[in-house]
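To start, the structure under review is shown below, and the notes come after it.
Note that the structure is predicted; figures quoted are calculated from it, not measured.
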Amino acid sequence: MGRITRRSLTVAAAGALAATVTAGDALAEGRGGGHRPEFRGMWLATVANRDWPSRPGLPAEQQRAELLGFLDTAVSRRLNAVVFQVRPTADALWPSPYEPWAECLTGVQGKDPGWDPLGTAVREAHRRGLELHAWFNPYRIANHTDPSRLIPTHPARVHPEWVVPYGGKLYYNPGLPEVRRFVQDAMLDAVARYDIDAVHWDDYFYPYPVAGQVFDDDAAYERYGAGFPDRAAWRRNNIDRLVYETAVRVKRRGRRVRFGISPFGVWRNQATDPLGSATTAGVQTYDDLYADTRGWVRRGWLDYIVPQVYWNIGFAAADYAALVPWWSEAVRGTGVNLYIGEALYKAGDPAQPAPWQDPAELSRHLTFDRGFPQVRGNVYFSAKEVAADRNGAMARVVADHYPYRVRPPR
């Protein structure tokens, strides 16, 4: 794998780009009195019906109405992008030839819901001047460990040798080249079919560590791990290959589709690596998820990165005010856009520490971000909280920072 520069990723697509006028092109380009585009997004989660649909099995028209309601909420909050989870558990929110219809729609995996949620979301988002980023989870199969609960035609049933149970869930094995190719094909089918603005992944690569459990990839490591100093290096190479190959394939589509990832907010702690952040986080993506997020940025494989900086200013183990400068330095000179993932779901939650009870905490985050020109926007988790706004934190962000709508960075 060589270095992919921004130019080398996009040159093949450059001749195919066209000036398409949408509702979004009428948006002002600026923040406050300036003219700088910024990304203002929200995640719309479908796994376990987290945000949408409100429950499985709703009539198609009610599902559609709820979806459009969230798009309208994004507009009313002066956002400009929705990151829509369309492949939550090795299934699909579009008529995929690779994977079954998602269970979150009808309550029955593989059952046709009678409409096309992804197609509708793309069309209706663009009508409202919103970008639609299609959010995929590459390796998660199910939030249980019983393959018999999957439909018989599910690829994980057809290829049981691809599957690893771990931590109460089922995962595809990232160490198998055929798995890596399959998950790319399944995700990129949506890129081929729809005018999505980006391919988006979150923080799930190898699964988060579970005490006392082992991710059993012994056979794959024995077969493919020769030449690596240890299993960790081999696992990181597996994820590097997935990211690199997907980046290349996305750009080969010949349209201006971007590729972004929203990882856990800590790459490595400084005590582990001098290049790491001044944090003492219990999870480090490089070491625990085998995801070299900083490396992907420095090699120019991504169009944007959205670290999930889900902590308050002053939080001892992972201070927001320490991580934003670290990530700003990580993207410097790379051409990769930096957006900060915000834990709106913590605002007003009585189980969270005192800073999250203050409606001004998130607004202070955006004020802090203004000191770092590399920060080009913010993304809020998640849509349900953007709409409900438990303690008024989102309304405060809008009042303080979003006086009018703007275009996202191109």
Side-chain angles (χ1 to χ4, degrees), residues 9-10 12-13 16-25 39 41-47 51-53 60 63-72 74-75 79-102 104-106 110 112-138 182-202 245-262 302-304 379 383 407-408 410:
L9 274 174
T10 57
L17 296 181
T20 302
V21 178
T22 68
D25 294 317
F39 197 85
M42 71 179 189
W43 282 286
L44 179 55
T46 60
V47 64
D51 293 327
W52 177 89
Q63 289 185 2
R64 186 177 187 277
E66 287 185 358
L67 178 59
L68 299 189
F70 278 119
L71 300 182
D72 290 338
V75 172
L79 306 182
N80 53 30
V82 173
V83 184
F84 183 34
Q85 190 176 32
V86 299
R87 187 179 184 264
T89 50
D91 48 21
L93 270 73
W94 75 96
S96 168
Y98 294 94
E99 294 176 310
W101 280 105
C104 66
L105 296 171
T106 64
D112 190 332
W115 68 300
D116 181 355
L118 176 53
T120 300
V122 171
R123 182 175 62 254
E124 295 295 335
H126 289 171
R127 284 180 179 174
R128 289 162 172 78
L130 297 165
E131 289 191 349
L132 197 290
H133 293 222
W135 166 16
F136 306 86
N137 296 86
F182 170 78
V183 298
Q184 288 178 49
D185 290 345
M187 293 183 289
L188 292 170
D189 178 68
V191 179
R193 289 169 178 259
Y194 301 100
D195 187 24
I196 64 173
D197 295 287
V199 168
H200 181 102
W201 296 348
D202 60 12
E245 290 167 7
T246 301
V248 170
R249 292 183 68 182
V250 166
K251 296 308 174 184
R252 282 178 180 166
R253 297 305 308 177
R255 292 189 289 112
R256 196 176 178 180
V257 182
R258 280 154 287 163
F259 180 34
I261 295 177
S262 57
L302 307 178
D303 293 296
Y304 68 82
V379 188
R407 280 169 48 171
R410 301 293 187 183

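The pair R410-E131 counts as a salt bridge, with a side-chain nitrogen and a carboxylate oxygen less than 4.0 angstrom apart.
Between V257 and A198, the closest heavy-atom pair is CG1-CA, 3.9 Å. The two residues D195 and H126 make their nearest non-hydrogen contact at O-CE1, 3.0 Å. In plain terms, the two heavy atoms of P113 and W101 that are nearest each other are CD-CD2, 3.3 Å. Counting all heavy atoms, side chain and backbone alike, P408 lies closest to F39 at CB-CD1, 4.0 Å. Here the shortest heavy-atom pairing between P117 and L67 reads O-CD2, 3.9 Å.
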Check the pair D202 / W43 against side chain to side chain contact (heavy atoms under 4.5 Å, CB included), numbers first and verdict last. CA-CA 10 Å; D202 60 12; W43 282 286; 5.6 Å; no
For L93 and C104: C-alpha separation, side-chain torsions, deciding distance, then whether side chain to side chain contact (heavy atoms under 4.5 Å, CB included) applies. CA-CA 9 Å; L93 270 73; C104 66; 4.3 Å; yes
Output, in order, the C-alpha distance, side-chain angles, deciding distance and verdict of side chain to side chain contact (heavy atoms under 4.5 Å, CB included) for N137 and Q85. CA-CA 8 Å; N137 296 86; Q85 190 176 32; 2.9 Å; yes
Apply side chain to side chain contact (heavy atoms under 4.5 Å, CB included) to W52 and L105, showing your working. CA-CA 9 Å; W52 177 89; L105 296 171; 3.8 Å; yes
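Listed by chain and number, the residues in a side-chain contact (heavy atoms from CB on, under 4.5 Å) with A90 are R87, E99, I141, H154, Y172 (sequence neighbours excluded). For T46, there are no side chain to side chain donor-acceptor pair (under 3.5 Å) partners two or more places apart in sequence or in a different chain. Taking D72 as the reference, R128 meet the side-chain contact (heavy atoms from CB on, under 4.5 Å) condition, with sequence neighbours excluded. Every salt bridge (Lys or Arg N to Asp or Glu O under 4.0 Å) that D189 has, sequence neighbours left out, goes to R193. Judged as a side-chain contact (heavy atoms from CB on, under 4.5 Å), and not counting sequence neighbours, the contacts of A383 are M42, L44, D51, F70. With sequence neighbours excluded, no residue forms a side chain to side chain donor-acceptor pair (under 3.5 Å) with Y98. Every residue two or more places apart in sequence or in another chain that forms a salt bridge (Lys or Arg N to Asp or Glu O under 4.0 Å) with D185 is listed here: R181, R249. Remark: W201 pairs with no residue by the side chain to side chain donor-acceptor pair (under 3.5 Å) rule, at least two apart or across chains.
We find the CG-CZ distance between L188 and F136 to be 7.5 Å, quoted to the nearest 0.5 Å. How far CG of D197 is from CG of L130: 9.5 Å, rounded to the nearest 0.5 Å. Atom CZ in F182 sits 10.0 Å away from atom CE in M187 (nearest 0.5 Å). Distance check, rounded to the nearest 0.5 Å: CZ of R123 to CG of L71 gives 11.0 Å. Taking CG of D116 as the start and CH2 of W94 as the end, the distance is 10.0 Å to the nearest 0.5 Å.
Applying the salt bridge (Lys or Arg N to Asp or Glu O under 4.0 Å) test to residues at least two apart or on different chains, none of the pairs has a partner in residues 88-98.
Classified by interplanar angle (parallel below 30°, tilted 30° to 60°, perpendicular above 60°), the ring pair Y304/H133 is tilted.
In this structure, D303 and K251 have side chains that are in contact, with non-hydrogen atoms separated by less than 4.5 Å.
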